[in-house]
Each structure stands twice: as C-alpha cells, then as structure tokens.
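Just below is one structure, and these are the notes that go with it.
Quick caveat, the model's predicted, so the values are computed rather than measured. Sequence lines set the chain letters: A, B, ... in the order given, protein chains first and strands last, and positions in each chain run from 1.
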There are 2 protein chains.
Amino acid sequence: MADLDLRRLRYFVAVAERLHFSRAAEELLIAQPALSRQIRALEKELRTELFVRDSHGVELTDTGRQLLDDARPLLAAADAARRRVDRAARADRTLVVGFRTGIRVTDAVRDFTAAHPEVTVEVRSVEWDDQAEALLDGRVDVAYVRLPVLADGLALTPLYSEPRMAALPAGHPLAAKDALTSAELARQTEILHLCVNPDPNPGGPRPVSAIRTVEEKLEYVAAGRGVCYLPRSATDLYRRADVRCLPVTDLPPDEVALAHAADRPSPLIDAFREAARRTAPPEA
Amino acid sequence: MADLDLRRLRYFVAVAERLHFSRAAEELLIAQPALSRQIRALEKELRTELFVRDSHGVELTDTGRQLLDDARPLLAAADAARRRVDRAARADRTLVVGFRTGIRVTDAVRDFTAAHPEVTVEVRSVEWDDQAEALLDGRVDVAYVRLPVLADGLALTPLYSEPRMAALPAGHPLAAKDALTSAELARQTEILHLCVNPDPNPGGPRPVSAIRTVEEKLEYVAAGRGVCYLPRSATDLYRRADVRCLPVTDLPPDEVALAHAADRPSPLIDAFREAARRTAPPEA
DNA sequence: GATCGGCCATGCGCCGAGGGTATCGCCGAC
DNA sequence: GTCGGCGATACCCTCGGCGCATGGCCGATC
C-alpha cells in the first residue's frame, strides 16, 4: 500500500472546503485540469469516490467526509513537524522570543545578547490563542505568557506579577473611587471578556463580540457597554481620557511567566530564562 | 514552504532506524543510490543535516532525532487515516469482526448474515495490544474484547461474562482442591502475567518473558514456573493433563463485550451488536 | 428553443522528479 | 598494499504532474 501524498491531500482539502474545483485550483495556484486529475487519481488510489459531481455542483461523499476529518489534522501535524525541524536546525544560532502587547522584552533581550552575541534573537508577537501551539511546534522558542496557561507540555518560569486593574467609563459612578473590589464590579456592571479565538465553540454561545485587541476592548468600555479587567501594563500603555482604570484590590495579581516547550531542552533557552528573571521588573 | 513528502519521511525513518543506507535501501526495495539521493534531497529541503556520515558509520544529528520523533507518529497517523478511509469506503458492503482466541463468534455472524445477506462479513483475529488501534483506525469495524479496555474512543456493549479460572501445575498442592480464592494464590505462588506487547517499556523492567499466547502461558505453568488466571473459555480450549484449572471463587467474572469506534456510527455495526447480544451464551 | 456561459473532464506535449546500473572515493582490516 | 564495505556521483530512462487547448454537459437567458 503506497503512502498517501500530502500534496494531494492538500488539494483534496482545498476542494472539499470550497466544493468548487476551479476556485480551489486558483487558491492552490495550479490550473483546474491539474486539480481535477489529482482528485481523480486520489479517488482511484483509494478505490472510492470522494465527491459526487453532478449538475448541482460538487459535494462530499461519506468517505470524503471521513478523509477530510483525517486530512486536516494530518496536514497540521506535518506542518508542525516541519516547523519543529526548522527550529531544531537553527537551535544553536537563533532564539525566537514570543511576546504579547504590554510585555516588555527589550531588557531581557539586551541582557541575553550581551552574554551570547553570536546568537540572533528574533522577537515576534504571538496571538494569545496561538501561543501554546507556537511554542510546541517551534515557531517560537520561548514566550512571555500570562498565567494561567491552559496547554500541556509547556515549562513555565514565573517572572513577576502586576496588579490587576479594572477599566470603566470615565463617567461611571465607581470611577470616582481610588480602588475597587471584584464584588463591586460583579454587582454593578457587566464584564466584557476578551474573546481571542475567532470562534471558540462553533455554534455555541459566544461572548459579546470578537474582540481581539486591548484597544478594541477599551473602545467598548468607553462606549459604556461594560467594564473589563486588565493587567496594569496594559492600562498604562493604552491610557485614554474617557476610560478610568483603577486597581482591584481583592483579586490576585496578574502573573507573567516565561514558557517554553517542556521537551527539547536547550542551553539558549535556559540562558534567556535567566536573563528574563534578572531583568524582571521588581514587584509592585 | 512545500509539504513534507511522506515517502521521503519513510525513507528517512528506515535509515534512521538502521543507521545504514544499504540495508535500509534493501528493506525499502530500492537501490542504495536512490536512497542516498532522497535523504540528501530531504536535507536540502530542510536546509539542515540529518545524519553525520563519517568513517565510523552513520549517526543522527540532533535535528535528525527531532525529525525522527515527529516522523514516526506522522507516518502512523497517515496509515491510520488511510485505513479509516478504506473502511468508510466499504462501510455498507463489508463488516470486519475482530476476535481473540477463545471467543466464539460464529453464532453472531450467522445471525447477522441471515438478516443482511448482502453484507460480506470478514472475521479477523486481533492481537490484544492492538485491538483498540485496529478499531480506531478502521482495520476492524467491531471487536470482541474482554473488559476492562484501556483505550478511549470506543463504545462498549457488555455481552456476557464467564468465570475466572486459575491454571496451576497438576502436581501443585492446591491442584487437589475444587476451587480457589485469590488469597490462596497470592500467598502461595508467583503469578505469571501475559505480556502481550513485545517490549512494553523499552529499557524498563519487564515481565518474566514475552509470552504472547495462551499456549505459551500454559507451557510455563506446566513447567512449574507459576500459575495464571484465565477466563474459562480459554481453559476449556487448551485442556492438558499436566495443568489443572480451577475456578477462583472470589474474583469478579471475566466480562466479554463488543467494542466499536465511538464516532462513525453505522447501521451494520448496530445490527451486528444486536446479533451478538442475541447469541451471547447464557450466564454461567 | 437556440445560444451562451459556467464548470468539470480529457487529449496532448513538456519537464522534472525519482529510480536503476555502473562506478568512484574513502577508509579500515588483514 | 590490497581488498572489501559503504556512501556518493554520473548517466540514462521512465513516469507522473502540470499547463494549454478543447470537449461535454447543463442550466440560464432572451
């Protein structure tokens, strides 16, 4: 039994997702006849029909659906493997540091570079909902994260913590105070949650709106649609007159940690971790 | 970034496992130069060395080890996907029933075939350590299993249970009794465990020996090296003069169930499950 | 109801990837 | 020094995949 061909699988997924050969071919940057032939060849290899093509268009068969379910994770795994190899190949020459808005990385990078001038340090911003993936598949070597982190397979080094703040509209009755408690906020107003994943559970209930950035979040707050929690570095960064930010005294502080893939130890990662620890801001 | 090629990955794994190009090529049924070229091409594609080749032979680099770690599960996933598609393709024409020694399947097959004469029923024996895999990747559609089953993703239908027996050498002091308790066995003798996996945890401690079949197990018992537990159907099947089998009164009976992959429902599987339930032997 | 347009399949020629055979280069063993 | 084992290279051939042009089918349009 010959191997499946990942290129053909990718072609198949492209067609299955669009149910349209010509458009899929366009997306794949090949001509439509080539795509038709490849799909036919795949069907022949598997000795089964994957699509029903009739005058109404193209549809998946049951077998096709089965293959689609398998093909997507398989292709993702292949990509991840490829990235991990890429990472291993440059492991002793380059360090890729992931971070998110509001986290200061320059001090640690400078400290690290002083000790390892031969190593190229890349700094790359990482989406929150992708940070664990990015670490595990090798797109970044280490990443600053805010605890808690939900994924397995990551080694975490706590670095520092910062007060948790609440952002509320400037005219809000609570905005006159100097500090707040979570009870006051829970009782008085609706809390906006940052929804990072485009569609966390498809079909299910979802947060107000697909808010992806802190700016967007604050926009909602300024519009009087609610309040939200933020770490202090975020409120410092995005100061605005129509939003007031106050410390919330009874919530545990927001902890920032350095994460890296738990397998695949590396002296460079260890060195960067020490650099990050040395340069972490003092506790507030 | 082009896709990894699974064929090349398979070549790579073959070399990595043998650390010998010529022998790997022989195994792969290609000539050695072709293999050398493919590995070189893979290294070029990944822009990194995977092996160090010197006069002492061939060795993996760190990157090569990383790739090997990823390649094996990837290839296994591809094979499993292929098998699941094969299964989906024949889902409404064929039913593959897995079973293990000592389980009687003919009654259920006959009952099922009477109701579905158009369906081809294949019966295939399955290794214990492979039964969950075989169900999940579609090599078998349903399988008779003995509880408990350790794998997730399987739907289980209990069918019947049978007494648990102990097998001991004919001359053993306890062999004169009519029945035993687990306490007597635990106190008096060493228990042989059936070691089904060729090497359960490489490098770690392992059971006495790689016993794979009931016959082998009984051979050890006859040789006086221990006693073992078996379900009654097994002791009935492999009767021998130098081994005595007695019921163990205080152990829960051995339960036989029908298992199938929890996703991918199928009317044929449902029908076979009913047939199995109808034809299950009465409780002892 | 003839034509047109959208869409997938097919025919054909080209090119490159991959395989086989023969051979080279290196190194260690005897 | 020679020989044998092993991986790399040279050279050639085959086949698979692609693009272009075109065919065949069907539904929409006027």
Tell me whether the rings of Tyr144(A) and Phe272(A) are parallel (<30°), tilted (30 to 60°) or perpendicular (>60°).
perpendicular

Assess whether a salt bridge exists between Arg82(A) and Asp79(A), defined as any Lys/Arg side-chain N lying under 4.0 Å from an Asp/Glu carboxylate O.
no

Supply the atom-to-atom distance Asp3(A) CG to Glu45(A) CD, rounded to the nearest 0.5 angstrom.
9.0 Å

Separation between CD1 of Ile39(A) and CZ of Arg53(A), rounded to the nearest 0.5 Å:
7.5 Å

Test applied, salt bridge (Lys or Arg N to Asp or Glu O under 4.0 Å); reference residue, Asp141(A); option that passes from Arg87(A), Arg83(A), Arg84(A), Arg273(A)
Arg87(A)

Within the supplied structure, the quantity of interest is the number of heavy atoms (other residues, nucleotides, ligands) at a distance under 6.0 Å from Asp54(B) CG; does it exceed 12?
yes

If you count heavy atoms of other groups shown closer than 6.0 angstrom to CD of Glu59(A), is the number above 12?
no

List the steps and the verdict of salt bridge (charged side-chain N to carboxylate O under 4.0 Å, His left out) for Glu26(A) and Arg23(A).
CA-CA 5 Å; Glu26(A) 192 177 352; Arg23(A) 277 194 265 282; over 6 Å; no

Just the endpoints, please: which first and last nucleotides of DNA chain D, 5' to 3', lie under 4.0 Å from a heavy atom of chain B?
dC6(D) to dC11(D)

May I have the distance from Asp54(B) (atom CG) to dC27(C) (atom P), rounded to whole angstrom?
10 Å

Protein-nucleotide distance (Arg53(B), atom CZ; dG25(C), atom C1'), rounded to Å
15 Å

Show the distances under 3.5 angstrom between N or O atoms of the protein and N or O atoms of nucleotides 14-20 of chain C.
from	atom 1	to	atom 2	distance (Å)
dG18(C)	OP1	Arg7(B)	NH2	3.3
dG18(C)	OP2	Arg8(B)	NH2	2.8
dG19(C)	OP1	Tyr11(B)	OH	2.6
dG19(C)	OP2	Gln38(B)	NE2	3.2
dG19(C)	N7	Arg37(B)	NH2	3.0
dG20(C)	OP2	Ala31(B)	N	2.7
dG20(C)	N7	Arg37(B)	NH2	3.3
dG20(C)	O6	Arg37(B)	NH1	3.0
dG20(C)	O6	Arg37(B)	NH2	3.2

